[in-house]
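Written out below as structure tokens is the structure these notes cover.
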Amino acid sequence: MPELPEVEVTRRRIVAPMLGARITGVRLGAPLRWPLGIEPTALVGRRVQQVGRRGKYLLIELDHGGLLLHLGMSGSLAWWDDAPPPGRHDHFDLCTDRGTLRLHDPRRFGAVLYVDGAEDARARKLLGALGVEPLEPAFEPVSFHAALRGRRAPIKSVLLAGDVVVGVGNIYASEALFRAGIRPTTPASRLGRTRVARLHAAIREVLQRALDVGGSTLRDFRVNGQDGHFQLELWVYGRAGEPCRVCGTPIRAIRLGQRSTFYCPRCQPR
DNA sequence: TAATTTGCCTGATAGC
DNA sequence: TGCTATCAGGCAAATT
């Protein structure tokens, strides 16, 4: 499942070959989450000027407009110097004079949409409410604490909502909360400065570490066939019933906001 | 078959 | 009572 580290790893792997590439064609497979929003032929001839990221969105900036990509829950991108014929789940090809960027997405929760500059209505709607980037200096304990006050929802749900801090998905939310010793069900507003500071540090650590090792490989995340290795360092996620690596207590699994959640009842007290 | 996954959307509710 | 922010639940697609 692509979370922020996986998206950033993807961005870094595709940016070099794509910079300056000129679009020669677009191939659309089965419909994704939203329509592209432009006639594919209208993109031919435009050049890639930058490949950026905001939260879990990738932004391919062109000399006019750009493409906003989201990998959903099963999407992955590959860069091919010479692309083979598309497979059943290859739903989008951006063909250029340098090679092809291909989106593989079996469950099609991903999206590719054309945005006409920074003021584009669809882009503003998707990106406008996003929280702070967790690995940037703007993410710091004092404002994080302030943002959590008044949120009565469980802290894990608030992290997943993405309007306070972006990029913390289901896996990393459970992992960060374990490292901070905070139970996922704790109302966000009940966290004091000390625990918020611990959570802040834990989020940065877990995301930075995942980024360093190339992202998680859970389900089918991979970039050009290379796996990430973060799954070897999971402390609670997917470990229901197994002993906590710290205290030996069986890891508990619950549903929180329709999502599976894991925690150690002893290391993460109420 | 039901469960699983993400993030947007809708309708309900809390709080000012 | 009315407004806004927040919250819980639903949905999409494919696989197991």
Side-chain angles (χ1 to χ4, degrees), chain A residues 1-8 10 28-37 53-59 68-77 86-92 103-113 115 120-134 144 146-176 184-191 207 210 215-222 228 230-231 234 236-241 253-262:
Chain A
M1 287 156 279
E3 300 197 21
L4 185 145
E6 290 82 357
V7 177
E8 178 60 18
T10 298
L28 299 176
L32 295 165
R33 182 188 285 265
W34 301 300
L36 178 61
R53 180 188 58 77
R54 179 73 175 98
K56 299 181 190 173
Y57 290 91
L58 283 171
L59 181 58
L68 196 58
L69 282 76
H70 196 287
L71 300 178
M73 60 169 287
S74 63
S76 60
L77 286 169
R88 187 153 82 95
H89 300 304
D90 295 329
H91 300 302
F92 176 85
L103 174 66
H104 175 84
D105 187 2
R107 299 192 188 176
R108 291 161 53 204
F109 282 11
V112 181
L113 58 108
V115 299
D120 184 274
R122 288 205 296 176
R124 289 177 71 109
K125 192 167 187 177
L126 294 172
L127 304 178
L130 293 183
V132 66
E133 286 287 331
F144 187 34
L148 294 179
R149 294 176 64 179
R151 301 294 290 264
R152 287 158 296 119
I155 178 61
K156 176 166 179 274
S157 300
V158 174
L159 291 177
L160 290 184
D163 54 349
V164 174
V165 55
V166 294
V168 186
N170 205 35
I171 301 170
Y172 299 123
S174 279
E175 291 300 308
T185 50
T186 307
S189 57
R190 200 182 299 167
L191 297 174
L207 292 179
S216 294
T217 302
L218 288 157
R219 302 286 191 277
D220 43 18
F221 174 73
R222 44 179 58 201
F230 188 73
Q231 76 279 11
L234 295 175
V236 290
Y237 186 86
R239 298 192 65 245
I254 59 171
R255 301 289 297 179
L256 195 55
Q258 319 286 69
R259 276 145 165 103
S260 54
T261 302
F262 302 87

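What you are looking at is a predicted structure, and each value in this text was computed from that prediction instead of being measured. Each chain gets a letter, A, B and so on, in the order its sequence line appears, and its residues count up from 1. Below, each value reflects all heavy atoms present in this structure, side chains not excepted, and no hydrogens, waters or symmetry copies.
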Separation between [atom1] of [X] and [atom2] of [Y], rounded to the nearest 0.5 Å:
X: L159(A); Y: Y172(A); atom1: CG; atom2: OH; result: 14.5 Å
X: I155(A); Y: L160(A); atom1: CD1; atom2: CG; result: 10.0 Å
X: T186(A); Y: K156(A); atom1: OG1; atom2: NZ; result: 12.5 Å
X: L256(A); Y: F262(A); atom1: CG; atom2: CZ; result: 12.0 Å

Measure from [atom1] on [X] to [atom2] on [N] and round the result to the nearest Å.
X: I171(A); N: dT5(B); atom1: CD1; atom2: C1'; answer: 10 Å
X: L32(A); N: dG7(B); atom1: CG; atom2: P; answer: 15 Å
X: D105(A); N: dT6(B); atom1: CG; atom2: P; answer: 13 Å
X: L160(A); N: dT4(B); atom1: CG; atom2: P; answer: 15 Å
X: W34(A); N: dT6(B); atom1: CH2; atom2: C1'; answer: 10 Å
X: R255(A); N: dG10(C); atom1: CZ; atom2: P; answer: 12 Å

*Return yes when atom CZ of R149(A) has more than 12 non-hydrogen atoms of other residues, nucleotides or ligands closer than 6.0 Å, and no otherwise.*
no

*Of D163(A) and H89(A), the one whose closest DNA chain C nucleotide lies more 5'*: D163(A)

_Can you tell me if R88(A) touches the phosphate of dA14(C), counting only side-chain N or O atoms and a distance under 4.0 Å to OP1 or OP2?_
no

*Which atom pair, heavy atoms only, marks the closest approach of L36(A) to R122(A)?*
O-NH2, 2.9 Å

_Selection: residues 147-156 of chain A, any non-hydrogen atom under 4.0 Å of DNA chain C_ = R151(A), R152(A), A153(A)

*Within the structure shown, what part of the strands sits under 4.0 Å from R122(A) by heavy-atom distance: base, sugar-phosphate, or nothing?*
nothing

*If we require ring centres under 5.5 Å and near-parallel planes under 30°, does F109(A) stack on dG7(B)?*
no

*Can you figure out which of dA13(C), dC9(B), dC8(B) approaches the side chain of R108(A) most closely?*
dA13(C)

*asked:* Nearest heavy atom decides the nucleotide; on that basis, is A161(A) or Q258(A) closer to the 5' end of DNA chain B?
replied: Q258(A)

*Would you mind reporting whether V236(A) and E175(A) have side-chain heavy atoms less than 4.5 Å apart?*
yes

